[in-house]
Peer 1: 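Got a structure here, written out as structure tokens. Questions coming.
All ligand and atom numbering here is 1-based and tracks the order in the structure.
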Amino acid sequence: MNFLGGRKIVLGVTGGVAAYKAAELTRLLGKTGADVHVVLSEGGARFVSAVTFQALSGNIVWSDLWDARMPNNMAHIDLTRGADMILVAPATADFMARVVHGLADDLLTTLCLAREVPLLLAPAMNRQMWENPSTRRNAGQLAADGVVLLGPEAGEQACGEVGPGRMLEPDALLEDVIAFLQPKRLAGRRVVLTAGPTFEAIDPVRGITNSSSGKMGYALARACAHAGADVVLVSGPVTLQAPRGVRRIQVQSALEMRTAVFDEIGAADVFIGVAAVADYRPAAAAEHKIKKSGGEMHLALTPNPDILADVAALDDPPFCVGFAAESRNLDDYAESKRRAKKLPLLVGNLVQDGLGGEDNQVILFDDKGSHPLGRAPKMELAIQIVAHIAAMLKSDRISG
Ligand code: CTP
């Protein structure tokens with residue numbers, strides 16, 4: 001998705017081994033729609049050359065405070081005009097210290113001092129440098145000054161040591177940049193979601209499941225995290241990675257899903273049931289593999305609890321959102337499902353429109369009626385659904 005379309009990002013690269021990852025980051029930011037302007041420090045240029053960044057960003061790379069190419073000779077100011085952020089990746093310990101003290105003796109530090117845009121730093125250094133009391137103090141001061149620190153994470157380092165100080169991987173930085181730029185519609189809210197299919201065991205090697213890919217639920221969890229919510233995703237078996245910043249609890253059966261949801265629901269403001277929960281499970285799973293008998297086989301099934309209806313029936317339920325996948329009569333079935341389960345909001349779709357695919361077409365049903373959203377990628381729909389939930393929560397608060 002073109003998340004960063006129309007965004008201008010000034011990417012500072014300082015002198016650390018992780019500078020090689022900044023090349024990939026430049027590519028990823030550009031691929032996501034951003035216009036990337038790289039400012040390479042003298043140290044950064046020792047690790048990766050300006051040519052690489054120019055080729056990957058399609059823009060001139062800046063290094064010199066005295067560069068005469070800017071018509072008014074004000075590169076230290078003009079580069080951040082109209083920008084959405086300065087992102088420095090990698091940010092060395094030395095660079096952090098210089099920003100803390102407002103030093104401005106090269107182009108990048110001058111840009112940081114003369115900016116009116118957010119400053120995000122992705123520190124990268126040896127673990128002793130990161131743990132040194134002066135770096136700790138500097139990190140604290142930067143946060144107090146409103147500078148956003150992304151990472152670092154712990155892991156294997158270029159010097160051969162293991163510990164905190166590794167720069168986040170480019171895909172994680174990209175995700176943090178995307179999230180940073182999204183409106184924080186669910187700030188301070190806690191959201192619990194279910195996603196994916198459930199798997200109801202018949203015997204140790206077989207089970208009943210369905211073709212839900214989990215994509216819609218995972219996209220919604222990601223959109224909620226982007227919107228600033230604290231997100232718990234209770235997921236049936238899928239092959240997707242947990243979205244960054246989302247706490248995932250993996251389960252198999254509907255009963256396990258229900259237990260996990262009820263363990264988490266106490267503090268939730270919003271519950272979104274996206275999972276395609278199996279309505280029935282084998283009455284008793286066989287302890288050993290069932291052998292073929294040659295004749296007919298009958299499997300006794302027993303109903304599973306309805307997780308969403310049970311959450312909505314709590315004394316003080318969170319704001320509950322349901323999904324209805326129907327193969328016909330969408331309007332009737334969806335609205336009666338919403339009323340039966342006592343949900344303020346239900347997202348309906350025709351299975352032939354969305355199951356397993358990248359796109360979907362959904363209609364939102366609430367007390368005010370039905371609101372069709374156009375056909376779109378699941379992530380775009382997720383963002384629109386989150387906006388709708390946030391607006392309903394807000395009007396709830398105003399009227400309540
Ligand atoms: N759901 C649930 N627990 C169940 C069944 C459904 O939490 N045991 C939730 C789903 O996550 C979804 C909504 O209920 O948000 C509707 O699911 P769906 O399977 O479409 O509806 P059902 O209520 O099962 O009705 P039917 O299968 O008859 O259409």
Peer 1: Among Met257, Lys337, Arg338, which one puts a heavy atom closest to atom 25 (O) of ligand 1?
Peer 2: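 Result: the heavy atom closest to atom 25 (O) of ligand 1 is in Lys337.
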Peer 1: Taking the ring of His226 and the ring of Phe3, is the distance between their centroids below 6.0 Å?
Peer 2: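 Yes: the rings meet the under 6.0 Å criterion.
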Peer 1: I'd like to know if atom 19 (O) of ligand 1 has any protein heavy atom within a distance of less than 4.0 Å.
Peer 2: no
Peer 1: Give a yes/no verdict on whether any heavy atom in Ala254 is under 4.0 Å from an atom of ligand 1.
Peer 2: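 No, Ala254 has no heavy atoms under 4.0 Å from ligand 1.
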Peer 1: Mind checking whether Asp279 contacts ligand 1 via backbone (N, CA, C, O), side chain (CB onward), both or neither, at a 4.0 Å heavy-atom cut-off?
Peer 2: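 Side chain only.
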Peer 1: Give a yes or no on whether the backbone of Glu161 and the side-chain of Glu156 come within a donor-acceptor separation of less than 3.5 Å.
Peer 2: no
Peer 1: Going by heavy-atom distance to atom 7 (O) of ligand 1, choose the closest among Val351, Asn349, Leu308.
Peer 2: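 Looking at heavy atoms only, the winner is Leu308.
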Peer 1: For residues 137-147, please give each side-chain donor-acceptor pair under 3.5 Å, one per line with the distance, not counting sequence neighbours.
Peer 2:
| residue | atom | partner | partner atom | Å |
| --- | --- | --- | --- | --- |
| Asn138 | ND2 | Ser134 | O | 3.3 |
| Gln141 | NE2 | Asp145 | OD1 | 2.9 |

Peer 1: Tell me whether the guanidinium CZ or amine NZ of Arg69 lies under 6.0 angstrom from the six-membered ring centre of Trp62 and within 45° of its axis.
Peer 2: yes
Peer 1: Gln250: what forms a side-chain contact (heavy atoms from CB on, under 4.5 Å) with it, not counting sequence neighbours?
Peer 2: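 For Gln250, the residues satisfying side-chain contact (heavy atoms from CB on, under 4.5 Å) (neighbours in sequence not counted) are Arg248.
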Peer 1: Are the side chains of Ile272 and Phe323 in contact, using a 4.5 Å heavy-atom criterion?
Peer 2: yes
Peer 1: Tell me whether the NZ or CZ atom of Arg258 lies within the 45° cone about the ring axis of Phe262 and under 6.0 Å from its centre.
Peer 2: yes
Peer 1: Does ligand 1 come near enough to Ile307 that some N or O of the ligand is less than 3.5 Å from an N or O of the residue?
Peer 2: yes
Peer 1: Could you tell me if any non-hydrogen atom of Lys341 lies under 4.0 Å from any atom of ligand 1?
Peer 2: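 Within the 4.0 Å threshold, so yes.
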Peer 1: Look at atom 28 (O) of ligand 1 and say whether a protein heavy atom is found at less than 4.0 angstrom from it.
Peer 2: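 Within 4.0 Å of atom 28 (O) of ligand 1, no protein heavy atoms are found.
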Peer 1: Quick one: which ligand 1 atoms are inside 4.0 Å of a heavy atom on Ala275?
Peer 2: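 Result: 10 (C), 11 (O).
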Peer 1: Which ligand 1 atoms are under 4.0 Å away from a heavy-atom of Gly322?
Peer 2: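 Reading through ligand 1 atom by atom, the close ones are 15 (O).
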Peer 1: Looking at Ala324, which atoms of ligand 1 are within less than 4.0 Å of one of its heavy atoms?
Peer 2: 20 (O)
Peer 1: Who's closest to atom 17 (O) of ligand 1 heavy-atom-wise, of Tyr333, Phe323, Tyr280?
Peer 2: Phe323
Peer 1: Tell me the closest heavy-atom pair linking Ala83 and Val117, and the distance in Å.
Peer 2: O-CG1, 3.3 Å
Peer 1: Has Pro305 got any heavy atom lying under 4.0 angstrom from an atom of ligand 1?
Peer 2: yes
